[in-house]
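Okay, so here's the structure we're looking at.
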Amino acid sequence: MSENLLSVRDLTVTFGPRGRRVSAVDGVSFDVAVGETLGLVGESGCGKSTTGRALMRVVEPTSGTVTLEGLDLTAASGRTLRERRTAMQMIFQDPISSLNPRRRARDIVAEPLDCWKRATGEERRRIVDDLLTQVGIDPVAYGDRYARQFSGGQCQRISIARALAMRPKLLICDEVVSALDVSVQAQILNLLEDLKAEYGLTLLFIAHDLAVVKNISDRVAVMYLGRLCEIGPADTLYAAPAHPYTRFLLGAALEADPEAPRRHEILEGEPPSPLDPPSGCRFRTRCPFATERCANETPALTEVAPGHRVACHYPLRVTVTPGPATTRTGPTGSGPSDAT
Amino acid sequence: MSSSLELSELVEEATETPDGRRLGVLFWLCVGWLALNLLAAVLANVLPLENPLTQNYNAVNAGPSLHHLFGTDDLGRDIFSRVVFGSRVSIEAGLGSMVIGFGVGAPLGMLAAYRRGRFDQILTVVMYVVLAFPAIIATIAILSFWTPRTLLKIIVVIGVAAIPLVYRVIRTATLAVATQDFVVAARVQGASDTRILVRELLPNVAPIAVSFLLIGVATVVTLEGSLAFLGLSVAPPTPSWGNMINESRTILQLNPWLALFPAAAMCLFLLALNFIGDRLRTHFDVTEGKL
Amino acid sequence: MSEPTLLRVREVTTTFDTPTGPLTAVDAVSFDLAAHESLGVVGESGSGKTVLSRTIMGLQPRRGVSVTGSVLLNGTEVVGASEQAKRELWGRQVAMVFQDPMTSLNPVVKVGKQIDEVLRVRLGMDRSAARARAIELLEMVGIPAAATRYSAYPHSLSGGMRQRVVIAIALAGSPQLLLADEPTTGLDVTIQAQILNLLDEVQGRLGMSTILVTHDLGVVATRTRRLVVMYAGRVVETGTTRDVFARHRMPYTRALLESSPKVSNPSHTRLAAIPGRPPNLLDLPAGCAFAPRCAYATERCHHERPVLEPADETGHLFACFNPLPLRAASPS
């Protein structure tokens with residue numbers, strides 16, 4: 001797990017004209033090791049999707065570097081970029097708009113092969129049939145259907161088959177199950193796990209659903225208003241979040257269990273506008289522990305436990321043995337519930 | 001986003017049978033009518049028609065008869081023959097100017113919507129400036145000075161005037177498609193820009209383009225008629241639907257047939273074009289996922 | 001349990017006429033809702049939960065739909081009621097909160113005016129009283145600086161704020177029943193928690209009954225007292241929320257629960273996915289609609305339709321020929 005497939009350093013994306021600059025992603029750095037799944041969570045507008053798209057250079061990063069297998073993607077352009085980028089593939093949220101409604105399933109999956117002239121004739125047919133079979137679409141019965149004739153779940157399967165056609169190393173999944181029914185969502189998540197093992201894939205799994213991310217990820221990164229708050233192993237991060245925002249976020253997650261304790265620590269208010277983000281720590285305006293220092297000084301990601309880093313001046317105590325959620329305490333001994 | 005099905009979606013889902021949408025009898029009647037018109041225009045020279053220019057002073061302003069199906073005009077020319085030959089001018093003007101309008105406007109519109117950025121901004125501003133000219137007045141002005149008037153000049157003037165309109169429609173249609181995820185997907189698979197334009201965008205823009213093309217032809221036919229009425233189209237004695245109606249003006253009470261038949265021919269032709277265009281547009285509207 | 005019945009739904013069937021044949025979106029659904037009670041209606045796409053909530057409201061297109069059965073709201077029959085009669089109910093007896101707060105608000109009318117309108121038309125308040133009450137309602141739903149926000153347009157508010165406004169409009173007529181159809185779908189988790197807490201709070205404060213329609217089991221788990229689980233337009237299991245979660249008998253209920261990922265699961269937990277596709281309402285099997293996807297289905301399930309039968313005396317019902325055995329300890 002030590003070898004890094006993807007390294008992101010100080011990735012920054014700003015949109016819009018001067019005066020109305022939106023800082024969508026601000027100095028995000030992380031690594032993804034070969035074979036792992038990194039979950040990227042956050043609420044809408046936190047920049048998680050923009051991060052995914054900037055990695056692919058679908059949106060142009062303003063600054064920062066993206067290195068895939070030691071090759072700098074940010075410096076490449078034209079055909080070099082297009083070629084290198086095939087080692088990275090992306091699956092999108094909206095299954096319907098991910099597929100061209102006027103093309104047949106078979107042709108959609110074959111598109112990357114056709115682009116790079118990797119296979120023709122019988123071989124192309126065999127590869128496409130194999131891919132469709134693997135994602136659970138019968139190539140004989142459904143291969144010649146048009147994309148618009150498939151359900152959401154089936155469309156997402158075809159998208160996955162298309163992404164796998166170039167045998168990518170890294171698969172970026174951007175909210176791939178959030179438009180699907182629960183039962184179909186589970187099918188797609190299981191399929192991703194199976195294909196990950198079979199193809200030796202590395203996954204960057206972007207989602208807003210904390211439960212989904214927990215189930216699929218080895219490590220989880222949390223974003224708030226364009227910045228990374230916390231990154232660490234999924235189990236310890238969920239059991240003992242060190243950033244106050246992560247703790248609120250987890251507290252708000254709904255568990256499908258009537259016996260689950262009702263948490264009363266609710267994060268009040270709404271995120272500030274990315275047009276005019278707060279100085280220092282961007283969460284400070286809603287954080288019950290914020291001090292003067294948080295406004296003046298931007299906290300850097302610092303390690304609080306092995307592999308667990310947090311960007312907070314006053315990180316919550318990380319309990320080494322994951323205990324029940326209710327025993328966690330804040331740095332000053334007072335829980336956020338007192339402050340809200 | 002949600003797992004709930006709205007009422008309308010439920011009904012839509014039920015209405016939608018895979019590829020089972022019918023165009024209807026009326027659509028095919030219109031297509032047949034257009035085909036007949038086109039065929040007659042193309043084959044006018046070999047069809048057993050009277051010469052549209054031959055004058056016959058023995059049969060002036062005659063009503064419809066077996067010999068002269070639509071009657072004759074004030075110079076004794078066969079109206080049926082003149083309507084058929086006159087359709088050539090209308091159809092040539094309509095198709096010709098649209099070839100120019102689409103030939104230039106459509107590729108530019110697609111490219112602008114796909115590339116965006118500076119290219120799109122500049123082009124769009126230029127097109128809007130051109131659009132800001134009152135096209136019909138400009139057309140009339142240019143045609144009044146650019147003599148002698150030939151059909152080709154009329155086609156060029158109308159065609160150039162149509163470019164910004166076509167550009168705008170195609171650009172908007174492409175924008176709606178270009179922002180969808182499958183275009184991003186094609187990019188990340190390494191498809192070149194040309195490939196994306198041809199494979200992903202064109203098939204989705206084409207139906208809108210075709211229906212707009214048909215309506216465009218109809219508009220030009222009307223425009224040619226109006227120009228002819230003002231005496232700004234092809235010079236007599238060459239017949240066109242427009243100048244036939246123009247000629248009938250002075251003797252309308254004496255010979256209503258002279259106005260009726262070219263007007264009816266033009267009206268039916270336009271009706272068929274517009275109906276087909278409209279029907280095709282709704283028929284091909286699948287981009288908004290109806291699943 | 002001793003509360004009087006507020007809503008009595010009996011054998012409600014909603015059928016749409018489609019060119020390909022009749023489509024039964026809600027099929028013989030019956031349940032009761034007591035005053036002050038909260039009920040969750042859970043189901044996936046095509047389960048008929050949204051159509052059911054609209055049928056209870058009496059919101060159907062005028063043509064192409066037939067509704068049979070009975071919806072008695074506080075003694076008033078909704079099925080077949082005239083528009084006039086329904087207008088009497090809407091707002092004062094029953095109000096609805098829709099999924100998309102943007103489209104359920106008029107974008108060109110100030111939010112305060114939209115509440116005013118309900119107050120003046122439904123309750124006959126005068127202008128100044130309505131304004132005061134509207135601001136009070138905005139405060140109640142937790143909108144900061146309510147007096148200023150009164151003159152805000154919907155587009156200037158965030159999604160969560162808009163949903164609060166929608167709730168304020170629903171509460172304006174002090175309804176006895178609040179129907180919330182996916183009220184938090186599309187909202188962020190922290191905002192979702194705020195809105196659900198708000199709904200809880202106003203229900204308690206105003207003594208309303210609520211029906212929470214959702215696809216998300218997490219939303220209903222701790223927010224409702226009783227549950228109705230729907231599949232292909234039919235009720236397949238109903239009972240107290242605790243019973244349905246812990247002592248469910250219908251395989252679909254279990255499948256739905258087990259296919260939902262949980263925050264408490266360790267990472268890389270394999271989910272028990274339900275095979276196959278959600279049902280096609282135009283082509284339902286003769287027997288149990290879930291049979292084609294069910295691991296326990298027998299020959300009988302494919303031919304005969306199971307009816308709801310009691311699991312115990314507490315009102316826990318399920319429709320299944322091969323019910324799951326009760327698990328003694330540690331429910332899922």
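In what follows, chains are A, B, ... by sequence order, proteins preceding strands, each numbered from 1.
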A:Gln185 and side-chain contact (heavy atoms from CB on, under 4.5 Å): which single residue from C:Pro261, C:Ser260, C:Ser259 fits?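 For A:Gln185, the side-chain contact (heavy atoms from CB on, under 4.5 Å) test succeeds with only one of C:Pro261, C:Ser260, C:Ser259, which is C:Pro261.
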Quick one: closest heavy-atom pair of [X] and [Y], and the distance?
X        : Y        : value
C:Val263 : A:Ala253 : CG2-CB, 3.9 Å
A:Asp257 : C:Phe245 : N-CE2, 4.1 Å
C:Ser267 : A:Ala234 : CB-CB, 4.1 Å
C:Arg223 : A:Leu254 : NH2-CD2, 4.1 Å
A:Gln187 : C:Ala273 : N-CB, 3.5 Å
A:Val184 : C:Glu44  : N-OE2, 4.5 Å

Distance check, rounded to the nearest 0.5 Å: [X] atom [atom1] versus [Y] atom [atom2]?
X        : Y        : atom1 : atom2 : answer
A:Leu250 : C:Thr190 : CG    : OG1   : 11.5 Å
C:His268 : A:Ile216 : NE2   : CD1   : 8.0 Å
C:Leu271 : A:Ile188 : CG    : CD1   : 12.0 Å

Backbone N/O of [Y] and side chain of [X]: donor-acceptor pair under 3.5 Å:
X        : Y        : value
A:Lys214 : C:Asn265 : yes
C:Asp188 : A:Ser44  : yes
A:Glu255 : C:Lys262 : no
C:Gln194 : A:Gly269 : yes
C:Gln192 : A:Ala252 : no

Using the test salt bridge (Lys or Arg N to Asp or Glu O under 4.0 Å), find all partners of A:Glu270 that sit at least two apart in sequence or belong to another chain.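 Testing A:Glu270 for salt bridge (Lys or Arg N to Asp or Glu O under 4.0 Å), a comparison that skips the adjacent residues, returns none.
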What option among A:Gly153, A:Ala186, A:Gly136, A:Gly45 has the most heavy-atom pairs under 4.5 Å with chain C?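 Among A:Gly153, A:Ala186, A:Gly136, A:Gly45, the one with the most close pairs to chain C is A:Ala186.
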Contact part of [X] toward chain A, heavy-atom cut-off under 4.5 Å: side chain, backbone, both or neither?
X        : answer
C:Pro144 : neither
C:Leu196 : side chain
C:Ser264 : both

With a 4.5 Å cut-off on heavy-atom pairs, point out which of C:Gly218, C:Ala255, C:Pro275 contacts chain A the most.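 So the answer, after comparing C:Gly218, C:Ala255, C:Pro275, is C:Gly218.
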Could you tell me whether the side chain of A:Val182 reaches within less than 4.5 Å of the side chain of C:Leu217, counting heavy atoms only?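 C:Leu217 vs A:Val182: side chains apart.
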Near A:Tyr142 OH, under 6.0 Å, is it more than 12 heavy atoms from other residues, nucleotides or ligands?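 Atom OH in A:Tyr142 is not packed in, count stays at 12 or less.
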NZ/NE/NH1/NH2 to OD/OE distance under 4.0 Å, A:Asp194 and C:Arg270: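 Looking at C:Arg270 together with A:Asp194, the answer is yes, because their closest N to O distance falls below 4.0 Å.
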